[in-house]
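Values in this document were obtained by computation on a predicted structure and should not be read as measured data. All values below come from the heavy atoms of this structure, side chains included, with hydrogens, waters and symmetry mates left out. Just so it is clear: chains get the letters A, B, ... in the order the sequence lines come, proteins before strands, and each one is counted from 1.
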Protein chains: 2
Amino acid sequence: MSSQGPKQVLFAQFAVVAKTLGHAHRLELLEQLAQGERSVEVLAQKTGLSIANASQHLQQMRRAGLVASRRDGKFVYYQLADDSVLDVLAALRVVAERSVAEVEQVVRSYFNERDALEAVSREELLQRSRVGAVTVLDVRPEDEFALGHLPGAVNIPLRVLERRLAELDPANEIVAYCRGPYCVLSYEAVAALRARGFKVRRLEDGLPEWRAAGLPVVSGSA
Amino acid sequence: MSSQGPKQVLFAQFAVVAKTLGHAHRLELLEQLAQGERSVEVLAQKTGLSIANASQHLQQMRRAGLVASRRDGKFVYYQLADDSVLDVLAALRVVAERSVAEVEQVVRSYFNERDALEAVSREELLQRSRVGAVTVLDVRPEDEFALGHLPGAVNIPLRVLERRLAELDPANEIVAYCRGPYCVLSYEAVAALRARGFKVRRLEDGLPEWRAAGLPVVSGSA
DNA sequence: CTATCATTCAATGGAATAATTGAATGAGAT
DNA sequence: ATCTCATTCAATTATTCCATTGAATGATAG
């Protein structure tokens with residue numbers, strides 16, 4: 001067991017990290033953590049896991065070095081250990097997209113392919129927002145918005161979007177975003193708003209990628 | 001099981017890919033495949049696995065879309081499905097390096113830290129080889145060399161290096177490379193050649209990364 | 001057509017992992 | 001100090017995964 005070469009030891013370590021990524025619940029937890037720091041309770045609630053189960057998955061990821069935890073009062077807050085975790089998730093996504101036919105099917109059937117293609121790049125959004133002719137719309141829940149959002153973004157969670165259409169200027173083009181490339185919220189927001197006659201597109205990816213690109217993020221509620 | 005949202009389905013697919021990466025033997029097989037196409041028998045022999053075991057791991061990776069197979073006569077040849085597989089492996093390495101302390105320890109204790117730091121970049125090697133003042137030394141076994149190597153490279157496998165020192169020009173600087181960032185061969189070659197008074201450095205990474213960077217690769221034995 | 005060889009399949013036992021339950025810890029609040 | 005609450009630990013069961021064995025394909029060679 002222990003008389004292996006250095007290569008075996010390294011591969012074993014890499015395997016631990018990969019294996020830890022190899023569970024849907026943990027990937028979902030990581031997607032949540034990509035939004036920002038979260039307590040165990042919130043994570044469990046957002047992912048639909050039991051507290052104990054979420055706790056154990058989180059600890060396993062901590063052991064693998066994917067996340068870090070911090071205690072504040074009676075809450076324990078978890079966060080991604082490093083930006084490189086986002087990178088490996090992105091790389092994983094690419095492999096799965098290119099190689100697993102089923103993924104593409106799912107994406108095409110659940111999401112509108114055109115919307116994906118017409119997504120606004122971060123660079124384009126930056127340019128346009130300098131001119132001021134764009135409404136940046138964050139359709140995530142309030143708590144995620146409060147933890148961090150794009151500068152100047154308006155927060156109208158998808159659930160209440162229909163009721164708060166009056167807050168949006170129909171003359172301005174809208175760019176909607178949410179958690180990441182596979183977050184359903186912004187897709188549905190685009191569909192809903194287009195049905196009402198708004199001119200609206202999706203931002204490519206979501207907040208975590210924006211932050212990882214080194215672009216400014218504002219925290220606190222508006 | 002089936003009444004899940006699209007997100008769960010996607011995460012489940014990603015998890016399959018990650019889980020497939022989560023085993024040391026499969027990572028070792030992938031490192032071999034990164035060198036080029038290989039038959040099951042050769043892969044089993046190079047990794048020290050039984051034929052049946054190697055076959056099953058390979059099939060699992062094929063199901064996950066990580067590798068592709070092709071039959072030629074009585075042999076079945078496997079290869080990486082896509083360059084993106086190399087990307088995800090690289091990302092995995094970064095995460096493991098940054099987060100798992102043990103990895104760094106292993107790297108530092110088995111390899112010479114200075115050699116890692118003094119590695120020659122691909123760009124630098126290209127520049128220097130245009131001037132012609134560099135001997136490019138491939139220390140992998142003959143069969144791997146035959147499958148693909150750097151243009152103008154000399155192949156002296158590490159095992160026979162001591163016996164074939166005469167083939168190297170002591171006046172020229174030598175740049176040694178092998179399979180990848182954690183391949184021991186080039187580290188040992190550097191150590192051995194320095195002890196003999198040669199001026200020698202390692203190439204960063206190895207052949208797969210060279211190929212992935214879009215740089216030219218020659219196949220066939222010299 | 002039979003023999004041979006590389007690979008795959010099928011089945012086994014053994015090990016690791018996942019989710020649930022209920023109890024234990026550790027920090028604030030009363 | 002005692003109580004409350006968020007989190008973790010410990011123990012259990014069900015499930016999945018791993019490596020080995022020997023038999024079954026599928027292709028070439030004689």
Side-chain angles (χ1 to χ4, degrees), chain A residues 1-2 4 8 11-30 32-33 37-79 143, chain B residues 1-4 8 11-30 32-33 37-64 66-79 143:
Chain A
M1 289 280 186
S2 61
Q4 301 178 336
Q8 274 69 30
F11 282 141
Q13 293 297 336
F14 297 167
V16 168
V17 176
K19 194 183 298 182
T20 307
L21 290 172
H23 195 286
H25 288 169
R26 287 192 288 268
L27 290 176
E28 206 173 346
L29 286 167
L30 287 175
Q32 283 297 325
L33 289 172
E37 209 177 41
R38 290 282 152 79
S39 70
V40 178
E41 184 179 37
V42 170
L43 287 166
Q45 177 230 318
K46 294 239 177 204
T47 56
L49 299 176
S50 74
I51 300 269
N53 198 6
S55 172
Q56 291 187 163
H57 282 302
L58 288 166
Q59 285 174 68
Q60 189 173 344
M61 290 197 282
R62 188 179 48 198
R63 267 176 260 130
L66 291 169
V67 303
S69 67
R70 157 182 88 81
R71 175 153 213 146
D72 183 15
K74 37 205 277 191
F75 294 88
V76 174
Y77 293 94
Y78 281 85
Q79 60 181 304
D143 58 329
Chain B
M1 290 278 188
S2 62
S3 68
Q4 301 179 334
Q8 275 69 29
F11 281 140
Q13 293 296 336
F14 297 166
V16 168
V17 176
K19 193 183 299 180
T20 307
L21 290 172
H23 195 285
H25 288 170
R26 287 192 287 269
L27 291 176
E28 206 173 347
L29 286 167
L30 286 175
Q32 283 296 327
L33 289 173
E37 207 177 40
R38 290 282 153 79
S39 71
V40 177
E41 183 179 34
V42 170
L43 287 165
Q45 177 230 319
K46 292 238 177 204
T47 56
L49 300 175
S50 73
I51 300 269
N53 199 5
S55 172
Q56 291 188 161
H57 282 302
L58 288 165
Q59 284 173 70
Q60 191 174 344
M61 291 197 281
R62 188 178 51 196
R63 266 177 261 129
L66 291 169
V67 304
S69 67
R70 157 182 87 81
R71 178 154 211 146
D72 185 15
K74 38 206 276 192
F75 295 88
V76 174
Y77 293 95
Y78 280 85
Q79 60 181 308
D143 58 328

Item to complete: Indicate whether OP1 or OP2 belonging to dT8(D) is found under 4.0 Å from a side-chain N or O atom of Ser55(A).
Response: yes
Discussion item. From CD of Glu41(A) over to C1' of dT4(D), roughly how many Å is that when rounded to an integer?
Written reply: 13 Å
Practice prompt. Quick one: sort the Phe11(A) and Phe14(A) rings into parallel, tilted or perpendicular, breaks at 30° and 60°.
Written response: perpendicular
Response to the item:
For Glu41(A), the side-chain hydrogen bond (donor to acceptor under 3.5 Å, both in side chains) test, sequence neighbours excluded, returns none
Report each atom pair, protein N/O against N/O of nucleotides 16-20 of chain C, whose distance is under 3.5 angstrom.
residue, atom, partner, partner atom, Å
dA18(C), OP1, Arg26(A), NH1, 3.3
dA18(C), OP1, Arg26(A), NH2, 3.1
dA18(C), OP2, Gln60(A), OE1, 3.4
dA19(C), OP1, His25(A), ND1, 3.3
dA19(C), OP2, Asn53(A), OD1, 3.4
dA19(C), OP2, His57(A), NE2, 2.6

Worksheet item: Rounded to the Å, how far apart are Gln59(B) CD and dC17(D) P?
Response: 15 Å
Practice prompt. Output the residues of residues 71-78 of chain B in contact with DNA chain D, where contact means a heavy atom of the residue under 4.0 Å from an atom of the strand; sort by number or write none.
Written response: Arg71(B), Gly73(B)
Discussion item. Do Leu49(B) and Leu29(B) make a side-chain contact, defined as non-hydrogen atoms from C-beta onward lying under 4.5 Å apart?
Written reply: yes
Response to the item:
In whole angstroms, the gap separating C1' of dT7(D) from CG of Leu43(A) amounts to 12 Å
Worksheet item: Got a sec, which residues hit side-chain hydrogen bond (donor to acceptor under 3.5 Å, both in side chains) with Gln79(A), two or more places apart in sequence or on another chain?
Response: Glu37(A)
Worksheet item: Can you name the nearest heavy-atom pair linking Val17(B) to Ala64(B), along with the distance?
Response: CG2-O, 3.9 Å
Practice prompt. Quick one: list whatever passes side-chain hydrogen bond (donor to acceptor under 3.5 Å, both in side chains) with Arg71(A), sequence neighbours left out.
Written response: none
Worksheet item: Side-chain contact, heavy-atom cut-off 4.5 Å: Thr47(A) with His25(A)?
Response: no
Worksheet entry | Interatomic distance, Leu58(A) CG vs dT8(D) P [rounded to whole Å] | 7 Å
Worksheet entry | Length of the CZ-P vector between Arg70(A) and dA27(C), whole Å | 15 Å
Item to complete: Give the rounded distance in Å between these two atoms: CG of Leu29(B) and C1' of dT7(C).
Response: 15 Å
Worksheet item: Of all residues at least two apart in sequence or in a different chain, which pass the salt bridge (charged side-chain N to carboxylate O under 4.0 Å, His left out) check with Lys46(A)?
Response: Asp143(A), Glu144(A)
